[in-house]
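Atoms within each ligand, like the ligands themselves, are counted from 1 in listed order. Computed from a prediction, not measured in an experiment: that's the story for all the values here.
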Amino acid sequence: MSAILVTGANGEIGQALIRHIHDGAPEKPIITLDLKPPVDAIAPLITNALIGDVTDPEVCEAAAHAHRVDTIFHLAALLSTRCEQDPELCHHVNVEGTLNLLRLAHALGRAYGRVAFVFPSSIAVYGLPAGRNISAPVREDEYLMPTTMYGINKLYCEHLGRYYSHYYQQEADACVDFRALRFPGIISAHTLPTGGTTDYASEMIHAAVQGKPYAAFVHEQTRLPFMMMPDAVRALLMLAQTPAERLTRTAYNVNSFSISAAEIAALVQGQFAASQVSFAPNPVRQRIVDSWPNDVDDSTARSDWGWSPAFGIETAFSDYLIPGICAHYGVSSE
Ligand code: AKB
């Protein structure tokens, strides 16, 4: 049976995706690549856990061929805040890593048949003019002027994927089938992000459940699109499984809801009256979020492959976040 390769397996999306794939198809071999050994939560679900750097051209070549990998979820990346601290390292990991995996996908595709390559892009590909006077949700072809190294890397990698899918060495037969999702901020009940700029939402909620005070690094009026982790995983799998003839673009916006930092704080306080949320904007991180759209138009994903989030604002908190995070920390949700 052909296998799935997941890079960045220990990351937030990686862990959730691996659990979901294993629950749906326990017999499907899962090969992973990460800098560190897999965390306990996913280690038993993995067929072959490779330890290494995505920028190393040889690190997963033999294993990918041995298991006949036919689908790659290339999740390994440094996130936006981390990237502004070391833009050149970010470029190396995010761009060279993607190029390396695309090269591998091409070799696998040539040997065994076309390889699906699923790539999490981001709302960071957008760069809004100062002042953010945008009245409508942003569509995929608008405002593609990113102001962060992370956003520039993501946009460029979307183009690399399009090139490997349709034009690599101007071959007539494509070996790679590249598809990308532009994710909003993602919130998980089980894990915390590191190095992102939408992290304040997850940090605020996880802190409240643990009874810890939290100072958000953005203004309370900051409004961004967000999505729950189960919806993000579902979107990745839905896009991976959609027949190519139904796709009209390489990279799709996906969205659940748009919410301000103050509204998240109010929802948290409604549930945990003792929670202590304050706002202490960090100028660098505020500039990053101010360049991102506060809402994105995902109508093409809805019409092309039936995208629709399971969680809206209310149900995200009542049905997923509050019960999930309370169970995670062993806290009562009453
Ligand atoms: C980040 O904050 O860097 C990510 C993203 C929006 O892609 N969550």
Is [X] close to ligand 1, meaning an N/O of one under 3.5 Å from an N/O of the other?
X      : result
Ser80  : yes
Tyr150 : yes
Asp199 : no

Who's the nearest protein heavy-atom neighbour of [atom], and how far?
atom                   : result
atom 6 (C) of ligand 1 : Ser122 OG, 3.4 Å
atom 8 (N) of ligand 1 : Thr198 OG1, 2.9 Å
atom 2 (O) of ligand 1 : Thr197 N, 2.6 Å

>> If the cut-off is 4.0 Å to any non-hydrogen atom of Leu79, which atoms of ligand 1 fall inside it?
In response: 3 (O)

>> Under a 4.0 angstrom heavy-atom cut-off, which atoms of ligand 1 come close to Gly196?
In response: 1 (C), 2 (O), 3 (O)

>> If I take atom NE2 from residue His106 and atom OG from residue Ser165, how far apart are they, to the nearest 0.5 angstrom?
In response: 10.5 Å

>> Could you measure the distance from the CD atom of Glu220 to the OG atom of Ser260? Nearest 0.5 Å is fine.
In response: 8.0 Å

> Out of Asp295, Asp298, Asp231, which residue meets the side-chain hydrogen bond (donor to acceptor under 3.5 Å, both in side chains) rule with Asn255?
Replying inline: Asp295

> Asp53 and side chain to side chain contact (heavy atoms under 4.5 Å, CB included): which partner among Leu33, Asp34, Val59, Leu35?
Replying inline: Leu35

> Taking the six-membered ring of Phe183, is the NZ or CZ of Lys154 close enough (under 6.0 Å from the centre) and on axis enough (within 45°)?
Replying inline: no

>> With a sphere of 6.0 Å drawn around CZ of Arg139, does it hold more than 12 non-hydrogen atoms of other residues, nucleotides or ligands?
In response: no

